[in-house]
Protein chains: 2
Amino acid sequence: MYRAMQKSEPRSGQGAAAGEPVRGRGRPRAFDRAAALARATHLFWERGYEATSIADLTEAMGIGAPSLYAAFGSKEALYTEALGHYHDAYEASVWGRFRGAATVGEAVRCYLMDSAAVLTGSLSDHPLGCMVTLASVGGGRSDLGARLRAARAVTLERLEARLGRALAEGELPAGTEIGGLARFLQAVQSGMSILARDGASRAELEAVARIAMGQSGIPGCAADRPDPSDPSPGSPAPPPA
Amino acid sequence: MYRAMQKSEPRSGQGAAAGEPVRGRGRPRAFDRAAALARATHLFWERGYEATSIADLTEAMGIGAPSLYAAFGSKEALYTEALGHYHDAYEASVWGRFRGAATVGEAVRCYLMDSAAVLTGSLSDHPLGCMVTLASVGGGRSDLGARLRAARAVTLERLEARLGRALAEGELPAGTEIGGLARFLQAVQSGMSILARDGASRAELEAVARIAMGQSGIPGCAADRPDPSDPSPGSPAPPPA
DNA sequence: CCATTTCTATATCGATCGATACAGAAAGAC
DNA sequence: GTCTTTCTGTATCGATCGATATAGAAATGG
């Protein structure tokens, strides 16, 4: 009832190495908030919002229900924070090289190839597919549904912005339909999420990406020369090191 | 407990125009089983399995809970039947022209363009996107999850079979990677489901399909000559008629 | 008619849902 | 030390979950 009365994040305990070193007066939090949030994120990612219960979460996070509510406020607020954590933890893996690319072709190639790596869990241990993409069912008019739709819209906007810039700079032939091309690329990446969920390998997704790049008509995109900064060219997966 | 004791479908009432006209002895069912199943299908389709409660279902189907359980057995069994109804009602819309196509290119074109129409609800009134594709989150090891995964696998197998035949008949250049191409097409269609859920129009999905068909790759696929049997060539949507 | 069979409507069942009250424990402030 | 503040663990809360027991209603078979 009086949800707004409780602070969602009191003072921050001792676990966070960044931000506020201030320690409140009372008993310090006994668990690592960031680690617990990461656990919750993986659980939501794997099962979806509805299918994940508070009991599942508290068990996976290793804390009691009151601690969860004191630290995160509610299940919905926890999911929102999980989306934020997901973004902070994996955004760079997909969009990092995209942003730094010199040409559109390189940008699109990095977007698709890096997606193939991330979506199959080849870079670190996490559930398969994209958390935002796979949550597209349900939540029609709820707040969470709107948030997820907005997150998917950002992908489209980024692609459109990059393609639009390329068009303005003459990198793409005049008259190229930016919106359609962006939607095509997003569709391919979304489909890759579902393929990954169904067990497709990184190499298989990279093959999909290569075909998509060939069909895209973007100059310099189909060129399959790996970036020197890419630790693994296109083989199944790098050694666990 | 004694789930197996009750008949999931006793004698079939009078609603079914096909099959068994036999009428059992007792009081006849007061509701249209097929219509109720269609309502349930739409609800599951729209919200997903977990987010749809029995109360939601009974309200949408216009029946009481005991009638639902007497006619369908359980929520899970109802969902399974809903998947069957979904298949029976919409499979032909997506795969009909694909099967009848003379060439691979025509088959793939029909598959993608007809998908664009169906997924945006342009042919009849139903939720947006593919029920099977959008249900890819959760249900990791459950029976329903396995059933859904199998349904998605069928799509891949169909595409691979058609492409493989084309390869054997020389319609595709020797050495063409069938699996990758099939996975690419499935990814594009899966992505179109999510785009449709997020509000993309039929014309927008058709633009995506055209890019996917591209200029190279499958011969005769990019040729954008509509089939004469197609009631709506490629414009936003046909008049409601 | 009556007996049998099957469906429908009310009123739940135990289990679990998300979310808390409460009391004790562990820290800083004094 | 004592007081204050905050977190943790137990034991729930009312609501809703999927699923039924029961009794009455509506059909057929005799």
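The sequence lines fix the lettering, A, B, ..., with proteins before strands; numbering per chain opens at 1.
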Rounded to whole angstroms, how far apart are [atom1] on [X] and [atom2] on [N]?
X: R27(B); N: dA3(C); atom1: CZ; atom2: P; answer: 20 Å
X: F31(B); N: dA26(D); atom1: CZ; atom2: P; answer: 17 Å
X: M61(B); N: dC7(C); atom1: CE; atom2: P; answer: 14 Å

Can the positive tip of K75(A) be found less than 6.0 Å from the middle of the six-membered ring of Y49(A), inside 45° of the ring normal?
yes
May I ask you to check if R29(B) and F31(B) form a cation-pi contact, with NZ or CZ under 6.0 angstrom from the six-membered ring centre and within 45° of the axis?
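Output yes; distance and angle both within limits.
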Record whether the side chain of R25(A) comes under 3.5 Å of the base of dA29(C) through a donor-acceptor pair of N or O atoms.
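No, the side chain and the base share no sub-3.5 Å donor-acceptor pair.
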5' precedence on DNA chain C between E76(A) and L68(B) (nearest-nucleotide basis):
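Nearest-nucleotide comparison on DNA chain C picks L68(B).
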Could you pick out which residue, T52(A) or P66(B), lies toward the 5' side of DNA chain C when each is mapped onto its nearest nucleotide?
P66(B)
For a salt bridge (Lys or Arg N to Asp or Glu O under 4.0 Å) check, start with the C-alpha distance between R39(B) and E59(B), then their side-chain angles and the critical distance, and finish with the verdict.
CA-CA 10 Å; R39(B) 300 278 187 87; E59(B) 182 185 355; over 6 Å; no
Checking dA26(C), dT8(D), dT20(D) against the side chain of R29(A) (C-beta onward), the nearest is dT8(D)
Considering only heavy side-chain atoms of K75(A), the closest of dA19(C), dA21(C), dA19(D) is dA19(C)
Any S53(B) side-chain N or O less than 4.0 Å from OP1/OP2 of dC17(D)
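Yes, because at least one side-chain N or O of S53(B) sits under 4.0 Å from OP1 or OP2 of dC17(D).
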Please find the pair of heavy atoms, one from F72(B) and one from M61(B), that lie closest to each other, and give the distance.
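The pair with the smallest heavy-atom distance is CE1-CE, 3.6 Å.
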